[in-house]
Amino acid sequence: MVSGSDMHGTPITVKAEAEGVAPEALAKRFNAQHIQDLRALHIDFGAPGQPYGPWGLFTSTATPNHASTAQDIFRVLLKKGHIGKRSMRAPYDPKAKRFLPDRYVEGTCPHCAFPDARGDQCDNCGKTLDPQELKNPRSKLSGAAPEYRDTEHYFLQLPHFQAQLQAWSEAQAAKVPWRSNTINFTRNWLTEGLKERAITRDIAYGVRLPPEVEQHDPQFADKRIYVWFEAVIGYLSAAKEWSQRQGQPDEWQRWWLDPHARHFYFLGKDNIPFHTIIWPAMILGYAEGTGQPYQLPYDVPANEFMNFSGSKLSKSRGNLITVQDITQRFQADAVRYYLASNMPDTRDADFAWEEFVRKTNEELVAALGNFGHRTLTFAHKQWGQVPDPRKHRPSGDEAQKLEESYLKPIRAELAAVTRHLDACRFKDGMKGVMQVAMHANRMFNDLQPWKTLKVDPDRCARDIHECLRVAKTLSLAMAPFLPQAAEQLWHQLGEPGSVHAQPWPDDVATIAAGQALREPRVLFAKIDPDTVKDLLEPGEPKMTQPHAPAQPAAPPMTPSPTPDRITLAEFQRVQLRVGVVRSVEPHPKADKLYVLKVDIGGEERQLVAGLRAHVTPEELLGRHVVVVANLEPANLRGVESQGMLLAAELDGKVVPLTTQGDIGPGAKVR
RNA sequence: AGCGGGGUGGGGUAGCACGGAUAUCCCGACGGGCUCAUAACCCGUAGAUCCAUGGUUCAAAUCCAUGCCCCGCUACCA
């Protein structure tokens with residue numbers, strides 16, 4: 001299992017820019033956070049708490065190994081003609097002596113005459129722009145007028161692979177089979193027809209081109225491989241890094257060049273085409289160029305999205321749970337149980353605190369935890385060791401009943417879990433494990449060991465022995481889902497070593513009579529519903545952080561400059577008036593906007609306001625609101641707005657400003 | 001508005017790509033049992049016009065059409 005942090009993603013560049021920090025530093029921080037999160041959730045790679053171990057590696061795309069692997073693929077694809085160079089015209093800043101990304105060109109919008117439109121899009125009228133359309137363009141960096149120069153870039157020739165990808169994806173989807181979302185997204189792309197895509201950019205942050213390319217064509221020293229080309233290569237480079245660290249530098253070949261190796265890629269649905277089109281195209285070209293049988297993905301089980309209380313996770317809406325937040329408050333296994341049994345396998349799922357508590361208390365604790373605990377405490381109290389079943393001579397009927405009613409269904413359920421895991425149906429797998437626990441509870445109940453103990457201790461010993469076998473089986477079966485509890489149970493059963501070093505069970509386990517049991521302890525803690533009460537308040541930030549030190553590694557992000565002051569005269573240039581809302585109409589062409597008619601004292605203004613998500617028309621009609629009266633008019637999706645309605649905003653909540661007592665429209669606000 | 005996902009007993013869900021007869025599972029409610037166990041476990045009962053309407057069919061939760069509603073992405077938030 002390999003994974004890692006993408007260090008060159010666009011969000012990183014954008015955020016680093018916003019915070020005024022170096023992108024490398026920010027990426028490093030994210031990577032450290034990812035590693036910490038994995039640890040907190042007990043996702044380990046073979047060495048507890050470490051991002052590296054005998055089973056795998058969590059690395060990043062900032063390593064020299066990754067760069068050279070990416071360059072090698074680039075090189076091979078180039079040689080094979082799957083990457084081509086061609087020139088395109090792009091804005092260039094003669095003062096800063098560099099090409100400018102679209103958004104670094106500013107100028108006057110050709111559509112609405114807004115003077116500060118960006119090259120990719122105008123913030124005023126919202127139209128998507130080409131930097132060349134801007135009037136009076138200037139560079140954001142130096143203010144100089146950009147020139148248009150030809151710049152050369154490399155393009156990945158995806159069309160070369162269209163037919164191959166089509167055949168491969170259909171075959172694979174039918175054979176594996178792929179999930180419907182995976183094949184659907186893929187088909188969409190293929191039927192649209194693949195187009196060549198630029199894989200270099202005029203930027204300074206990212207993976208460099210191969211040295212010989214830079215030497216041969218020095219301009220490419222100032223360009224970088226664009227992230228979407230290079231990030232997916234991380235799968236291969238991580239495998240190589242892992243082999244290196246294992247001291248077996250060629251070990252990765254067993255995983256990449258053996259036709260029997262099956263590659264599974266786990267991702268969110270928004271990432272599907274990268275893993276079913278682009279990356280496979282690169283692999284095909286690379287395999288062709290190297291003559292090595294690099295393996296294409298076997299399965300790409302993409303998850304849908306998990307929302308939070310009905311809408312998407314969003315920091316600004318106070319709709320956010322971080323791994324840190326939740327693992328600080330609750331057992332990682334409880335979190336894992338909830339996520340596994342509520343996984344967005346085939347459709348979007350929802351995270352709800354009430355459900356989380358319910359599932360933990362009523363399912364995890366009550367069924368799974370309880371069986372382990374009741375069995376262990378009983379056995380431990382009576383014998384302190386695994387009792388010997390052999391003194392009991394069961395009748396034929398009795399033995400058959402044990403087998404038919406209890407062991408057989410458990411075995412069947414176990415086989416079902418195995419099938420589900422093979423097919424990447426983790427939700428079903430988790431449910432199957434729960435079913436085993438339910439069978440187990442039934443078995444314990446029916447056998448009534450607390451009664452037989454008094455009348456037939458040998459029989460009781462045999463029955464508890466059977467229950468302990470089932471408990472051991474459960475420990476093995478729950479290991480991938482609930483690693484910590486599984487290990488605890490394993491230990492309490494007196495088993496040596498780690499449950500995680502055991503092979504997957506294909507039958508009810510056996511357990512050695514006479515094996516010493518350890519002091520039983522509860523496997524899962526119940527959650528007091530009050531704990532999440534304060535997390536449920538609507539509109540409030542869901543996760544305050546009383547004990548969460550915000551990002552320990554993070555230095556203060558923005559130096560706080562002295563606040564900008566304005567003079568009274570400056571403030572007085574803004575004319576604020578009280579207005580009465582006379583009518584509220586939805587904007588005909590925009591979902592978030594209202595068109596309001598507001599009486600500001602003898603004059604009716606038409607305003608466009610982005611309040612539709614926050615306030616109903618009824619709440620607005622007749623209200624006294626505060627309006628900026630001398631704002632220059634603007635055109636919003638075809639409707640003129642003659643002013644601006646003031647509103648207060650906090651964490652995504654928006655409330656229009658109103659006056660407390662009634663005062664006539666037109667009243668000045670000072 | 002464009003594109004994607006979805007609407008199944010009180011809550012959460014499975015089934016839907018390949019229509020089939022009593023619609024799955026967990027929880028809750030109600031009734032009973034048990035007392036080894038974290039008031040946990042076990043058994044039973046009730047509870048669903050499978051969003052609506054129309055269509056295809058011997059047969060539709062499942063296929064087709066239209067509509068309504070929810071969620072996400074994108075645009076719009078003066």
Side-chain angles (χ1 to χ4, degrees), chain A residues 114 121 123-128 173-174 177-181 183-185 188 269-270 304-308 310-314 338 341-342 344-350 352 354-356 358-359 361-367 369-382 425 427-428 430-432 434-435 437-438 440-453 460 463-464 467 520-526 587-594 607-614 627-628 631-647 649 654:
Chain A
F114 179 68
Q121 164 188 85
D123 277 342
N124 186 49
C125 66
K127 291 223 165 69
T128 327
W178 282 2
R179 290 185 187 172
S180 59
N181 58 2
I183 186 61
N184 285 343
F185 271 97
N188 268 343
K269 62 179 165 187
D270 52 336
E304 301 287 314
F305 294 146
M306 174 162 272
N307 296 323
F308 181 64
S311 48
K312 83 160 207 172
L313 292 155
S314 146
Y338 181 61
S341 61
N342 192 29
D345 267 357
T346 53
R347 51 149 60 143
D348 289 358
D350 194 44
E354 299 93 325
E355 267 296 291
F356 170 63
R358 210 221 83 213
K359 276 185 164 287
N361 289 351
E362 311 299 332
E363 296 177 16
L364 236 207
V365 172
N370 183 238
F371 173 73
H373 194 238
R374 74 198 295 203
T375 306
L376 259 303
T377 45
F378 194 98
H380 187 261
K381 199 157 74 186
Q382 291 317 317
R425 288 192 303 259
K427 176 158 56 174
D428 292 336
M430 182 76 260
K431 286 180 177 169
M434 210 38 128
Q435 287 298 325
M438 289 175 173
N441 269 319
R442 196 165 304 139
M443 170 172 169
F444 194 104
N445 246 62
D446 291 0
L447 293 172
Q448 303 185 310
W450 59 92
K451 278 189 182 162
T452 57
L453 180 65
C460 177
D463 289 347
I464 288 296
C467 288
R521 286 216 335 270
V522 153
L523 293 177
F524 307 103
K526 271 205 169 189
H587 189 296
K589 290 181 69 183
D591 287 357
K592 292 187 184 170
L593 306 183
Y594 283 130
L607 304 185
V608 178
L611 292 172
R612 236 157 116 184
H614 310 283
V627 172
V628 181
L631 193 68
E632 80 177 17
N635 192 323
L636 293 182
R637 290 228 123 193
V639 176
E640 186 176 52
S641 183
Q642 307 155 327
M644 173 165 128
L645 187 153
L646 296 186
E649 175 176 0
V654 175

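Sequence lines set the chain letters: A, B, ... in the order given, protein chains first and strands last, and positions in each chain run from 1. Basis for what follows: all heavy atoms, side chains included, without hydrogens, waters or symmetry-related copies.
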**Prompt:** For B:C73, which nucleotide is its Watson-Crick or G-U wobble mate, given both distances must be under 3.5 Å?
**Reply:** B:G2
**Note, A:Cys460 side chain near A:Phe378 side chain (heavy atom, < 4.5 Å)** = yes
**Request:** Could you tell me which residues satisfy side chain to side chain donor-acceptor pair (under 3.5 Å) with A:Asn184, sequence neighbours excluded, listed by chain and number?
**Result:** none
**Asked** What distance, rounded to whole Å, do you find between the two C1' atoms, one in B:A48 and one in B:U13?
**Response** 14 Å
**Request:** Take atom P in B:A75 and the same atom in B:G9, then report the distance between them in whole Å.
**Result:** 36 Å
**Asked** If you look at every strand shown and take non-hydrogen atoms under 4.0 Å, does A:Met438 touch a base, only sugar-phosphate, or nothing?
**Response** sugar-phosphate
**Complete:** note: A:Glu363, atom CD; B:C27, atom C1'; distance rounded to Å ~ 7 Å
**Prompt:** In whole Å, what separates the P atom of B:U45 from that of B:C58?
**Reply:** 37 Å
**Asked** Which letter, B, S or -, goes with each nucleotide of nucleotides 30-40 of chain B from 5' to 3', with contact meaning a protein heavy atom under 4.0 Å?
**Response** ---BSSBBB-S
**Request:** Select base, sugar-phosphate, or nothing to describe what A:Gln642 touches, counting heavy atoms under 4.0 Å on all strands.
**Result:** nothing
**Item:** Distance, rounded to the nearest Å, where A:Arg358 contributes CZ and B:G10 contributes P
**Value:** 16 Å
**Request:** Determine the interatomic distance between C1' on B:G10 and the same-named atom on B:A29; round to the nearest Å.
**Result:** 8 Å
**Spacing between A:Leu607 atom CG and B:A78 atom P, to the nearest angstrom** = 10 Å
**Qualifying residues under side chain to side chain donor-acceptor pair (under 3.5 Å), relative to A:Asn361, sequence neighbours excluded** = none
**Asked** Among all residues two or more places apart in sequence or in another chain, which pass the salt bridge (Lys or Arg N to Asp or Glu O under 4.0 Å) test with A:Arg179?
**Response** A:Asp345
**Complete:** In whole angstroms, the gap separating P of B:C71 from CE of A:Met306 amounts to 18 Å
**Item:** Assigned partner base of B:C41, Watson-Crick or wobble definition, under 3.5 Å
**Value:** B:G33
**Item:** For atom CD of A:Glu355 and atom P of B:G11, their distance in whole Å
**Value:** 11 Å
**Item:** Atom pair distance, as rounded to whole Å: CD1 in A:Ile464 and P in B:C41
**Value:** 18 Å
**Asked** Considering residues at least two apart in sequence or located in another chain, which fulfil the side chain to side chain contact (heavy atoms under 4.5 Å, CB included) criterion with A:Leu631?
**Response** A:Val628, A:Met644
**Message:** I want to confirm an ordering. Mapping A:Asp446 and A:Leu631 to their closest nucleotides on RNA chain B, which one lands closer to the 5' end?
**Reply:** A:Asp446
**Item:** Sequence-distant partners of A:Glu304, side chain to side chain donor-acceptor pair (under 3.5 Å), two or more places apart
**Value:** A:Asn181, A:Lys269
**Message:** Please verify the inter-ring angle class for A:Phe444 with A:Phe371; under 30° counts as parallel, over 60° as perpendicular, anything in between as tilted.
**Reply:** perpendicular
**Message:** Counting the atoms with a prime plus P, OP1 and OP2 as sugar-phosphate, which does A:Val628 contact under 4.0 Å by heavy atoms, base, sugar-phosphate, or nothing?
**Reply:** nothing
**Prompt:** According to the Watson-Crick and G-U wobble definitions, with both distances under 3.5 Å, which nucleotide is paired to B:U56?
**Reply:** none
**Request:** Could you check if the base of B:A40 is syn or anti? Syn means the glycosidic torsion is within 90 degrees of 0.
**Result:** anti
**Request:** Could you state the atom-to-atom distance from CG of A:Asn342 to P of B:C25 in whole Å?
**Result:** 19 Å
**Request:** Taking atom P in both B:C64 and B:G20, compute the distance separating them and give it to the nearest angstrom.
**Result:** 15 Å
**Request:** Could you give the distance separating B:C26 and B:G72 at their P atoms, to the nearest angstrom?
**Result:** 31 Å
**Item:** Value rounded to 0.5 Å, distance of CD1 in A:Ile464 from OG1 in A:Thr452
**Value:** 7.5 Å
**Asked** What pairs with A:Glu355 under salt bridge (Lys or Arg N to Asp or Glu O under 4.0 Å), at least two apart in sequence or on another chain?
**Response** A:Arg358
**Message:** With rounding to the closest Å, how many angstrom separate the C1' atoms on B:G54 and B:U22?
**Reply:** 29 Å
**Item:** Residues forming a side chain to side chain donor-acceptor pair (under 3.5 Å) with A:Tyr338, sequence neighbours excluded
**Value:** A:Asn342
**Message:** Quick check: on RNA chain B, is the nucleotide nearest A:Pro177 upstream (toward 5') of the one nearest A:Asp428, or the reverse? Name the residue that is more 5'.
**Reply:** A:Asp428
**Asked** From A:Asp463 CG over to A:Thr375 OG1, what is the distance, rounded to the nearest 0.5 angstrom?
**Response** 11.5 Å
**Message:** What contact category does A:Ser641 fall into here, base, sugar-phosphate, or nothing, at under 4.0 angstrom with non-hydrogen atoms?
**Reply:** sugar-phosphate
**Request:** For A:Lys427, answer base if it contacts any base atom (sugar-phosphate contacts may also be present), sugar-phosphate if it contacts only those atoms, and nothing otherwise; contact means non-hydrogen atoms under 4.0 Å.
**Result:** sugar-phosphate
**Complete:** Whole-Å distance, A:Lys431 NZ to B:U13 C1', equals 5 Å
Which atom pairs link the protein and nucleotides 2-6 of chain B when you take only N or O atoms and keep those under 3.5 Å?
{"from": "B:G6", "atom 1": "O3'", "to": "A:Arg347", "atom 2": "NH2", "distance (Å)": "3.2"}

**Asked** C1' atom, B:U53 versus B:G15: distance in rounded Å?
**Response** 24 Å
